Amino acid sequence: MKFDVAIIGGGLAGLTAGLSLQKRGLSTVIISAGQNAMHFSSGAFELLSRTPDGMPVDSPLEDIPLLPGDHPYSKIGLPRLTALIDQVPQLFASAGIKLQGHALRNSFRITPTGTLKRAWLALEDVALLPTVETSVGRKVLLVNLAGYPDFFTSFIAEGLEARGSSVRICSLKLPEMETLRTSPSEMRSVNIARVMDTAWKSVVDGVKLHLRGEDTVILPQVFGLKDESVLSLVRGSIPANVLFVGTMPPSVPGIRAQMKQKAAYENAGGTTLMGDTAVSAVLDGGRVVSLRTRNLGDHPVEAGQFILATGGFFSKGLSSTPSRVYETLFSLDVDYDADRNNWYAYDFFTPQPYLDFGVKTDNSFRAVRDGEAIENLRVIGSILGGAHSFKLGCGGGVAILSALAVAEDLSNELK
Amino acid sequence: MTLQEYTASAHNFEECMKCTVCTAYCPVVPVNPLYPGPKQAGPDGERLRLKDPFFFSETLKYCLNCKRCEVACPSDVKVADIIQAARIKYSTSKPKLRDMMLASTDFMGSLARPFAPIVNGVLSLGVTKAVLDGFMEVDRHRKFPKYSFRGFEGWFKRKAASSQAAFEKKVAYFHGCYVNYNFPTLGQDFVKVMNALGYGVELLKDEKCCGVAMIANGMSDKARKNAVSNVQALSEAVSRGLKVLTSSSTCTFTMRDEYPELLGVDNSAVRDSIILATRFIFEELENGVKLEFKPDFKARIAYHTPCHLEKLGWGVFSKGVLKKIPGVELIPLDSACCGIAGTYGFKKENYEASQAIGKPLFDQIEAVAPDFVACDCETCKWQIEMSTPYKVLNPISVLAAALA
Ligand SMILES: Cc1cc2nc3c(=O)[nH]c(=O)nc-3n(C[C@H](O)[C@H](O)[C@H](O)COP(=O)(O)OP(=O)(O)OC[C@H]3O[C@@H](n4cnc5c(N)ncnc54)[C@H](O)[C@@H]3O)c2cc1C
Ligand code: SF4
Ligand code: SF4
């Protein structure tokens with residue numbers, strides 16, 4: 001099979017690049033082994049939440065110049081990065097994904113443990129506060145579904161009360177959820193969301209019975225797995241401001257967004273090889289010629305340009321032996337500490353150094369192997385070195401913006 | 001061997017990180033509250049079953065074995081294999097007469113075919129359907145696939161075998177029960193297309209049903225016998241340098257992957273030579289072989305990727321072949337299960353779930369309003385033809401119709 005561009009990895013980065021390339025008239029394929037980090041995400045993207053010295057960031061665009069030269073944003077450069085940032089809401093809207101928030105000022109999302117975290121853009125059903133001072137509501141009714149263990153109402157209540165809201169917790173026992181409850185391990189967000197496609201009315205009725213003049217109702221993000229129309233039905237039927245707050249993974253908004261991105265990519269003519277793994281690559285004279293995949297066996301996937309978007313350790317784009325960290329497909333050069341003792345931090349709650357490891361690239365995101373850039377292999381997303389996405393809070397931004405930068409470069413080159 | 005290889009668990013079940021992503025993609029979960037879902041039926045349940053087989057639940061039979069959970073799993077857990085292997089290992093329920101009949105596609109076919117006109121007439125009678133529904137628990141809404149009076153093998157021997165000798169290059173053809181007993185036209189189309197590509201066709205020395213329906217109906221011993229026999233027949237052809245082509249995605253998948261994974265039958269000598277015909281044709285066309293097409297062929301085709309083809313990852317080839325036909329407008333349908341899953345949807349207790357699973361697909365087909373639907377699976381064909389007003393053709397037949 002021959003394509004203009006072959007993309008390895010169908011997470012946020014791979015799909016964003018694929019959709020952008022298809023829209024620019026190129027033929028692409030995405031090879032993706034299993035689902036990706038979006039399925040576990042908050043449903044909000046971070047652009048930059050902390051500076052390299054750990055200070056909170058309010059205006060990401062103002063603080064991006066503080067990043068070191070090997071950070072992906074620095075490689076793109078601020079003027080171009082700003083232009084790419086402007087394209088994001090529209091690209092996602094074209095896939096049917098509505099985003100709230102903007103890059104000039106960080107907004108704040110309520111985490112599953114009741115704290116506030118900075119966010120750049122968020123999906124429709126992620127409660128987003130414009131400033132840290134914004135009140136969630138004067139009187140809040142915090143609603144859980146009986147037997148659902150992944151929504152921590154008392155943490156959330158504590159967090160909200162510390163910020164001046166008065167919170168009342170209630171739990172709804174729905175007959176529609178009785179069969180799910182028979183196996184407690186199945187009381188997970190995605191299963192409940194499927195029940196909610198029809199049972200949302202009972203939730204609304206239950207909430208109405210519990211309401212005692214609260215101005216705000218908080219529900220877990222367990223509505224609208226395939227189709228977000230349930231969200232507005234719920235919002236429209238409860239006489240209060242309705243907010244949806246994150247649960248423990250899997251993430252209903254994240255999965256919905258991924259499904260939509262994939263559908264939009266395929267509708268734009270993109271080819272997906274889902275559940276398939278790129279297992280080896282053929283290189284010739286410093287260029288990648290083709291890939292072999294587990295499912296296609298000896299049938300090569302050929303392309304003029306290749307994009308590596310295989311995620312970090314979490315998605316098996318990186319792996320390690322006791323003595324070394326390596327990139328799994330091309331053995332690319334990886335930026336990591338040679339001393340294994342420095343891979344982990346003993347304090348569990350500080351960012352783990354190994355999460356900062358990533359693939360080395362030149363300034364156009366060309367992969368580097370044995371010190372030489374591979375001309376037609378670009379690297380995007382969370383496998384990129386220099387991003388420090390957990391420390392800086394920039395994972396979503398790096399994935400989306402490196403994808404858009406590379407898509408733009410490739411389409412300019414190929415045309 | 002590395003330490004990791006020593007510690008690898010059966011069907012990768014210890015890789016499960018309990019993320020529930022599989023459950024989000026299972027088509028049965030939303031429609032059948034009795035089904036525990038892939039995570040619970042698969043890796044979670046396996047942990048318990050390993051302690052005590054008491055924890056085996058017969059509700060695992062509601063799994064369609066569509067493998068969509070496996071395609072979605074981020075950790076490469078063979079969820080559906082775990083479930084099917086557990087059914088083979090622990091299930092104590094004996095297949096009902098109905099299950100045996102539905103599963104024995106070759107035996108039933110060879111019984112019914114000589115009386116095809118009578119059998120087809122009888123099977124379509126309201127009274128027969130009521131009897132089947134009442135006594136056999138085969139749902140009365142189902143239309144039975146028609147049996148063909150003259151089987152494919154018979155046609156091939158009489159009408160085609162001699163002319164195949166003239167071709168220097170050859171392929172072997174595993175036609176499957178459906179082509180032999182119900183729809184020889186597809187086999188004839190296959191021969192036509194292969195000849196147009198410059199290949200003569202041979203049949204295997206002794207082809208048996210691939211066994212997929214037996215695995216699904218608790219008859220794994222019989223399935224294993226067929227598998228052993230088929231691997232032998234395949235080896236004979238492969239040892240002569242032949243590729244063995246198929247026109248059914250499910251037979252292909254079963255012989256390549258279910259033989260070793262579920263039945264423990266070693267197919268390593270033949271696995272890579274078992275190829276869905278559309279893949280072979282796609283590669284021939286990419287390598288520059290030219291086909292002559294009718295100049296005025298026109299068709300607006302909605303293509304449905306069967307679940308097992310999705311798992312094989314070869315839907316691209318079928319779509320690719322269709323796209324290469326001049327005059328074809330191809331509309332790929334969203335990846336979704338049609339709900340039939342072989343014999344599953346025939347059973348009265350599954351009928352409603354089966355139709356509910358397929359509904360989004362049927363709705364999309366009706367919205368697209370194509371000239372016809374294309375698909376590589378015979379049971380998807382029955383399901384879609386029963387549930388929508390559209391005809392379903394195998395891509396091979398579309399290609400045959402488009403040839404000059
Ligand atoms: C659990 C978790 C939660 C996160 N939550 C957030 C959040 O809320 N907000 C935020 O901004 N950022 C978050 N991040 C950061 C996150 O990494 C990025 O936001 C982004 O989703 C990463 O996308 P990606 O496409 O680079 O990688 P991934 O989403 O990891 O996708 C990589 C894909 O590549 C596939 N793959 C790997 N190897 C191969 C191969 N050889 N062949 C074929 N396919 C292969 C994988 O199966 C996977 O599907 C989170 C990260 C993790 C791990
Ligand atoms: S089997 Fe895979 S998808 Fe399912 S819970 Fe386990 S890791 Fe997640
Ligand atoms: S094989 Fe299909 S029906 Fe069975 S558990 Fe997996 S997704 Fe569900």
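Since we're looking at a predicted model, the values are computed, not measured. So that the names make sense, note that chain A is the first sequence line, chain B the second, and so on, each numbered from 1.
Contacts between B:Cys73 and chain A at a heavy-atom distance below 4.5 Å involve the backbone alone (N, CA, C, O). Heavy atoms of A:Asn191 lying under 4.5 Å from chain B belong exclusively to its side chain. Residue contact with chain B, scored on non-hydrogen atoms closer than 4.5 Å, is absent for A:Met248. Interface residue B:Lys311: only backbone heavy atoms are found under 4.5 Å from chain A. At a 4.5 Å heavy-atom cutoff, the contact between B:Pro36 and chain A is made by backbone atoms alone.
With a 6.0 Å cutoff to the six-membered ring centre and a 45° limit on the axis angle, B:Lys243 does not count as a cation-pi contact of B:Phe280.
No donor-acceptor contact under 3.5 angstrom links the side chains of A:His39 and A:Gln258, judged on distance only.
Salt bridge annotation for B:Asp76-A:Lys316: absent, with no cationic side-chain nitrogen under 4.0 angstrom from a carboxylate oxygen. Classification of A:Arg188 and A:Asp150 as a salt-bridged pair holds, one side-chain N sitting under 4.0 Å from a carboxylate O.
Ranked by non-hydrogen atom pairs under 4.5 Å with chain A, the options B:Leu312, B:Val29, B:Asp334 are led by B:Leu312. Chain B forms the most heavy-atom pairs under 4.5 Å with one residue out of A:Gly275, A:Gly34, A:Ala33, A:Pro249, and that residue is A:Gly34. In terms of non-hydrogen atom pairs under 4.5 Å with chain B, the most contact-rich of A:Asp197, A:Leu225, A:Asn295 is A:Asn295. For the options B:Glu283, B:Lys39, B:Arg279, B:Glu310, heavy-atom pairs under 4.5 Å to chain A are most numerous at B:Arg279. Contact count against chain A (heavy-atom pairs under 4.5 Å) is highest for B:Pro30 among B:Pro30, B:Pro33, B:Pro332, B:Cys26.
Using cut-offs of 30° and 60° for the angle between ring planes, the B:Trp314 and B:Phe317 rings count as perpendicular.
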field: Working for side-chain contact (heavy atoms from CB on, under 4.5 Å), residues B:Tyr35 and B:Lys61
entry: CA-CA 9 Å; B:Tyr35 184 54; B:Lys61 71 176 178 211; over 6 Å; no
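The side chain to side chain contact (heavy atoms under 4.5 Å, CB included) test with A:Thr293 is passed by exactly one of A:Ile31, A:Val279, A:Thr277, A:Val29: A:Ile31.
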